[in-house]
Amino acid sequence: MTKKNKLTIDDVKKVAGLASLPLTGEEITLFIVQLSAILDFISKLQKIDTHGVQETSQVTGLENVLREDVIDAERMFSQKQALANAKGAYNGFFKVPKILWT
Amino acid sequence: MDIKTLTIKSALGGLRSKKFTSVDLIVSCLENIEKYNKEYNVFLTVEDKDKLLHLAREADQTDHSLPLSGIPVALKDLFSSKDLRTTAGSKVLDNYIPQYDATVVKKLKDAGAIIIGKVNEDAWGHGSSGENSDFGPTGNAFNKDYVAGGSSSGSAVAVALGMCLVATGTDTGGSIRVPASYNNLVGLKPTYGRVSRYGVIAMASSLDSIGHITKNVEDSAYFLNITAGNDPFDATTGVSPVPDYLKNLDRKDLNGLKIAVPKEATDKSLTVSQNFEGAKDKIKKLGAEITEVSMKYLLDGLETYYIIVPSEVSSNLARMDGIRFGNGRGDFGKEAKRRIMIGTYALSSGYYDAYYKTAQKVRTLICDEFKKVFKDFDTVLMPVTPTPPSKIGEKVNDPLALYMSDLYTIPVNLAGLPSLVLPSGFVDDLPVGVQLVGPQWSEELLFSVGNVYEK
């Protein structure tokens, strides 16, 4: 992991696939260089001795913040509101890309 | 009445004594928007003029007793504003109209504030110069060919150019502090959890802090009194009661105050270091004791941040599916795509331990180092950025160069601490500031010290 992080086209395409991120050919070429440089930069962290150190996920110190299981009308959307920004709304439904093929 | 020199407090005084009206304030803001917006590219969406005047007239019918009655406020475009377009500075949301208000927006409206509009920013908060906005950069209020700082670039310039009296912002790695310092204004990044994040489009959920930019310290304290507090809609908000932040502003000097300056933040070759020395001298003359300390993990914050933040960003931006709202994911700008890619990579199988987990451990080291310093000192003083504002376009093709601007602001976010930025004069005719960092929940102290320094 302390070696130079040179990404390949396949690496970039794989990560873009995981992230559902459409990339143009020009972006793929640009990102191979830029992302490799960024990875090199952040890999410097591996030089620090973190043996025995606990991870910090959050700094509030709060745990298990719960609320009563009641309906809060202030946080409800009507169906109309929920669909208000959907380009492909149809008959009161969200229209989604096809994910099943016969 | 010159809106450029009015503060929230003096405006309320004028309204309540009927020296001028809220309509006067709104008209002045709209005139300045008309005058400057094309050149400086500040507002992305201005509220309907008739609606604004109607709200102002309604406020003028009252005795202006509400805390922000009739006061024009600008919102960074990350804040969900009901029925008012909210873009996050990105083409992905260029047609998005929120169906609800963020908690902070609701609090401001309940306090009588008039939301003038939504201001420009680096898309999704990704940036420290304003150059990553999908709608073009915002020009610095003192020289439009230079960066305004980011990501709350529009927020700072809107206040500086008299387009509003206060603007909200968010600060995940310096995004309030940098633009405030670059436009000669006061910027507050509160303690993480002091102000609700509900309804503010998330960048990195464990670091995002909700704050504001004002012309002076008193306004900053006054505004925090309104926005701070526990919110049942945001489980990370603090549970202890909110103090009155205006209480200790009558402090006369800084006698007895112990301030630490990390030597890692004072490279003598930095262009701002001379200005910073001047600020230190001023503070010493006011009676404070300044001691140089070593914080060996301080600068490691940069790498830590650029692992943790892209990781959390890749998760938060996964919801932009182009189905329920917004446009397709291909419309993300280059910086957003870079961060999503880095984050996805750092969290993926085989790399999670080496990157994300390691970064979380270094985060602990940074938090603990601050805690240790605060055992012996009341506050930490640092420059805001290593350099003054750069020329627009200068750093845009080198993402790493832009990341370097956040060197001194980032560690504060990793530790969840509050930081107050105060104007500190000019370098090469452009404003720079200094930042005063305190332990969690110490905004009262920061305001009282900042107020003395300001006077």
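No hydrogens, no waters, no symmetry mates; every other heavy atom, side chains included, goes into these values.
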Novice: Can you say whether B:Ala415 sits under 4.5 Å from chain A via the side chain, the backbone, both, or neither, judging by heavy atoms?
Specialist: backbone

Novice: At a 4.5 Å cut-off on heavy atoms, which part of A:Glu26 comes close to chain B: side chain, backbone, both, or neither?
Specialist: side chain

Novice: Relative to chain B, which segment of A:Leu30 carries a heavy atom at a distance below 4.5 Å: side chain, backbone, both, or neither?
Specialist: side chain

Novice: Does any backbone or side-chain atom of A:Phe77 lie under 4.5 Å from a heavy atom of chain B? Answer side chain, backbone, both or neither.
Specialist: side chain

Novice: At a heavy-atom separation under 4.5 Å, does B:Thr191 approach chain A through its side chain, its backbone, both, or neither?
Specialist: neither

Novice: With only heavy atoms counted, which part of A:Lys14 is less than 4.5 Å from chain B, the side chain, the backbone, both or neither?
Specialist: neither

Novice: Are B:Asp134 and B:Lys91 close enough for a salt bridge, meaning some N to O gap below 4.0 Å?
Specialist: no

Novice: Check for a donor-acceptor pair, side chain of B:Asn132 on one end and backbone N or O of B:Glu335 on the other, with a separation under 3.5 Å.
Specialist: no

Novice: Tell me, side chain or backbone of A:Ser57 under 4.5 Å from chain B's heavy atoms, or both, or neither?
Specialist: both

Novice: Answer with side chain, backbone, both or neither: which region of A:Leu62 has an atom nearer than 4.5 Å to a non-hydrogen atom of chain B?
Specialist: side chain

Novice: Could you tell me whether the side chain of B:Arg339 and the main chain of B:Ser314 form a donor-acceptor pair under 3.5 Å?
Specialist: no

Novice: Does the B:Thr364 side chain pair with the main chain of A:Gln54, one donor and one acceptor, at a distance under 3.5 Å?
Specialist: yes

Novice: Taking the six-membered ring of A:Phe31, is the NZ or CZ of B:Arg338 close enough (under 6.0 Å from the centre) and on axis enough (within 45°)?
Specialist: no

Novice: Knowing that exactly one of B:Asp208, B:Thr172, B:Asp171 qualifies, which makes a side-chain hydrogen bond (donor to acceptor under 3.5 Å, both in side chains) with B:Asn413?
Specialist: B:Asp171

Novice: What option among B:Phe332, B:Tyr192, B:Phe233, B:Tyr96 has the most heavy-atom pairs under 4.5 Å with chain A?
Specialist: B:Phe233

Novice: Under 4.5 Å heavy-atom distance to chain B, tell me which part of A:Asp11 shows up: side chain, backbone, both or neither.
Specialist: neither

Novice: Can you say whether A:Glu27 sits under 4.5 Å from chain B via the side chain, the backbone, both, or neither, judging by heavy atoms?
Specialist: side chain

